[in-house]
Trainee: 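This is the structure I want to talk about, given as structure tokens.
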Amino acid sequence: MSAKTLRWQIGLYVLLAVLALIYIYPFLVQVATSFKTDASAAADPISLVPQPFTWAAYERLFLRSDFPVWFANSTVVTVFVTLGRVFFNSLAGYALARLQFRGRGIVFAALVAVMAVPAVVLLIPKFLVINQLGIYDSYAGMILPLLVDAAGVFIMKNFFESIPPSVEEQARIDGASTFRIFWSVVLPMARPALITIVILSFQGSWNELSHFVISTQSPELTTLTKGVASLASGQLSQGSQFPLKLAAAAIMTIPVAVVFFVFQRRIMNASEGAVKE
């Protein structure tokens, strides 16, 4: 390796390290501030060393606030939405990729059109439908409208189309039904796409805010996003309360980070389950 090449590599690594530090520094400040007192957070907001170190913000969140209720509601909604999206997105994607039925092209065009519509445009129609169905301010109103998403169906359709149809022929000759072929033959081969849907669905439903704003109003059904937004706006506390707000935000990031790190190796293995004709 020449000296010039070595200098280029060292310069590149230094640049990458600086960029990584720029991106991670706000998160480090958030975690450090959550262990500060209100006075020290206001006096030195970007310090990474809490002086003094205190658990007061976390004690107040879990012992003297509705934070556990918010966390439980978000957990229930996220688990059901993630499972529902994995199942229904896979079914719809397989139908569009393999089944021949009249109007399939129109359905796919409508799917792409839905993906192009900003979510905020659909808030009022979504509220009207939820209210008309009588599921407003309930878990059903929070979960049912999120069980399927157009992007997930699009991802699954494209992945199923990449699987050679020949892998299904033997099962079809043996008399397997369409659903049995989908469930026992094709779906296990779609593991990379399924893991992608799991991560995107978990992250999307965990961080969802606008839908929960228009589908619920009871404090008992408040999710983490609504609760933390209330904390950030100052509705639930007096003063800056930086440690309290950033402690809540830090806890919110933990489940998403855990899911991503658990599945990242599998999502990167895009060749898993591939079959060559």
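Hydrogens, waters and symmetry mates play no part in the numbers below; they use all other heavy atoms, side chains included. Quick caveat, the model's predicted, so the values are computed rather than measured.
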Trainee: Is a side-chain N or O of Asp38 found less than 3.5 angstrom from the main chain of Gln241, in a donor-acceptor match?
Mentor: no
Trainee: Kindly indicate whether the side chain of Glu220, heavy atoms from C-beta on, has any atom under 4.5 Å from the side chain of Asp66.
Mentor: no
Trainee: Which atoms form the tightest heavy-atom contact between Lys245 and Leu231, and what is the distance?
Mentor: CE-O, 2.9 Å
Trainee: Just wondering, are more than 12 heavy atoms of other shown residues or ligands nearer than 6.0 Å to CG in Leu12?
Mentor: yes
Trainee: CZ/Phe35 to CG/Leu246 distance, rounded to the nearest 0.5 angstrom?
Mentor: 11.5 Å
Trainee: Is there a path of hydrophobic side-chain contacts, each under 4.5 Å between heavy atoms of I, L, V, M, F, W or Y residues, that connects Val79 with Ile254?
Mentor: no
Trainee: What heavy-atom pair brings Ser215 and Gly141 nearest, and what distance separates the two atoms?
Mentor: CB-O, 3.8 Å
Trainee: Which residue in the set Thr222, Leu146, Leu224 passes side-chain contact (heavy atoms from CB on, under 4.5 Å) when paired with Phe212?
Mentor: Leu146
Trainee: With a cut-off of under 6.0 Å to the ring centre and 45° to the axis, is Lys36 in cation-pi contact with Phe53?
Mentor: no
Trainee: Are Leu16 and Val18 linked, directly or through other ILVMFWY residues, by side chains that come within less than 4.5 angstrom of each other?
Mentor: no
Trainee: Passes side-chain hydrogen bond (donor to acceptor under 3.5 Å, both in side chains), Thr37 versus Ser40? Steps please.
Mentor: CA-CA 5 Å; Thr37 62; Ser40 62; 3.0 Å; yes
Trainee: If you take the centroid of each ring, where Trp contributes its six-membered ring, are Tyr139 and Phe80 closer together than 6.0 Å?
Mentor: no
Trainee: Looking only at atom types and distance, does a side-chain atom of Thr33 sit under 3.5 Å from a main-chain N or O of Gln30, one as donor and one as acceptor?
Mentor: no
Trainee: Any side-chain heavy-atom pair from Val81 and Arg85 closer than 4.5 angstrom?
Mentor: yes
Trainee: Give the minimum heavy-atom separation between Pro68 and Leu61, together with the two atoms involved.
Mentor: CD-O, 3.6 Å
Trainee: Taking the side chain as C-beta and beyond, is there a heavy-atom pair between Phe154 and Met115 under 4.5 Å?
Mentor: yes
Trainee: Are Pro118 and Val120 close enough that some pair of their side-chain heavy atoms sits under 4.5 Å apart?
Mentor: yes
Trainee: Might you confirm whether atom CZ of Phe101 has over 12 heavy atoms from other residues, nucleotides or ligands at distances under 6.0 Å?
Mentor: yes
Trainee: Check whether any side-chain heavy atom of Val259 sits under 4.5 Å from a side-chain heavy atom of Gln203, and report yes or no.
Mentor: no
Trainee: Please confirm whether the backbone N or O of Pro145 pairs with a side-chain atom of His211, one donor and one acceptor, at under 3.5 Å?
Mentor: no
Trainee: Give, for atom OG1 of Thr82 and atom CD1 of Ile199, the distance between the pair rounded to the nearest 0.5 Å.
Mentor: 11.0 Å
Trainee: Give a yes or no on this: more than 12 heavy atoms of other residues, nucleotides or ligands lie within 6.0 Å of atom OH of Tyr23.
Mentor: no
Trainee: Do Glu161 and Arg98 pass the salt bridge (charged side-chain N to carboxylate O under 4.0 Å, His left out) test, and can you show the C-alpha distance, the side-chain angles, and the key distance before you say yes or no?
Mentor: CA-CA 8 Å; Glu161 288 178 341; Arg98 287 289 193 264; over 6 Å; no
Trainee: Quick one: does any side-chain atom of Asn73 pair with a main-chain N or O of Val69 as donor and acceptor, under 3.5 Å?
Mentor: yes
Trainee: Report, as yes or no, whether the 6.0 Å neighbourhood of atom CG on Leu28 holds more than 12 heavy atoms from other residues, nucleotides or ligands.
Mentor: yes
Trainee: Should Phe182 and Thr178 be marked as a side-chain contact (heavy atoms from CB on, under 4.5 Å) after you check the CA-CA gap, both sets of side-chain angles, and the distance that decides it?
Mentor: CA-CA 6 Å; Phe182 159 76; Thr178 301; 5.6 Å; no
Trainee: To the nearest 0.5 Å, tell me how far Ile163 CD1 sits from Met189 CE.
Mentor: 4.5 Å
Trainee: Of all heavy-atom pairs between Ser138 and Ile135, which one has the smallest distance, and what is that distance?
Mentor: OG-O, 2.6 Å
Trainee: Do you know the tightest heavy-atom contact between Val31 and Ser34?
Mentor: O-OG, 2.5 Å
Trainee: Could you walk me through whether Gln170 and Val185 pass the side-chain contact (heavy atoms from CB on, under 4.5 Å) check?
Mentor: CA-CA 10 Å; Gln170 185 61 48; Val185 178; over 6 Å; no
Trainee: Tell me if a side-chain donor or acceptor on Ser201 pairs with a main-chain N or O of Val198 at a distance below 3.5 Å.
Mentor: no
Trainee: Mind running ring-ring contact (aromatic ring centres under 6.0 Å, His included) on Phe71 and Phe62 for me, showing each step along the way?
Mentor: CA-CA 10 Å; Phe71 194 95; Phe62 285 100; 7.6 Å; no
Trainee: Would you call the rings of Tyr136 and Phe127 parallel, tilted or perpendicular, where under 30° means parallel and over 60° means perpendicular?
Mentor: perpendicular
Trainee: Using only atom types and a distance under 3.5 Å, with no angle test, would you say the side chain of Asp137 pairs donor to acceptor with the backbone of Gln217?
Mentor: yes
Trainee: Ignoring hydrogens and angles, tell me if any N or O in the side chain of Arg104 forms a donor-acceptor pair with the backbone of Leu99 under 3.5 Å.
Mentor: yes
Trainee: Do the side chains of Ile251 and Phe242 join up, straight or via other hydrophobic residues, at under 4.5 Å, putting them in one cluster?
Mentor: no
Trainee: Do you reckon Val114 sits in the same ILVMFWY cluster as Ile130, going by side-chain contacts under 4.5 Å, direct or chained?
Mentor: no
Trainee: Working to the nearest 0.5 angstrom, can you tell me the gap between Leu244 CG and Ser65 OG?
Mentor: 7.0 Å
Trainee: If hydrophobic clusters are built by linking Ile, Leu, Val, Met, Phe, Trp and Tyr wherever their side-chain heavy atoms come under 4.5 Å apart, do Val258 and Ile24 end up in the same one?
Mentor: no
Trainee: Report yes if some heavy atom in the side chain of Ile214 is under 4.5 Å from a heavy atom in the side chain of Leu128; otherwise report no.
Mentor: no
Trainee: Mind running side-chain contact (heavy atoms from CB on, under 4.5 Å) on Tyr25 and Leu48 for me, showing each step along the way?
Mentor: CA-CA 9 Å; Tyr25 188 76; Leu48 296 181; 3.6 Å; yes
Trainee: Taking Ser218's backbone N and O only, do any of them form a donor-acceptor pair with Thr216's side chain (distance below 3.5 Å, no angle check)?
Mentor: no
Trainee: What do the steps show when you test Val49 against Asp44 for side-chain contact (heavy atoms from CB on, under 4.5 Å), and what is the final call?
Mentor: CA-CA 10 Å; Val49 181; Asp44 194 2; over 6 Å; no
Trainee: At what distance, to the nearest 0.5 angstrom, does CD1 of Ile10 lie from CG of Leu15?
Mentor: 14.0 Å
Trainee: Give, for atom CH2 of Trp183 and atom OG of Ser177, the distance between the pair rounded to the nearest 0.5 Å.
Mentor: 12.5 Å
Trainee: I'd like to know if the side chain of Ser184 and the backbone of Ile181 have a donor-acceptor N/O pair within less than 3.5 Å.
Mentor: no
Trainee: Parallel, tilted or perpendicular: which one describes the rings of Phe202 and Trp206, with boundaries at 30° and 60°?
Mentor: parallel
Trainee: Side chains of Ser210 and Glu208: do they bring a donor and an acceptor to under 3.5 Å?
Mentor: yes
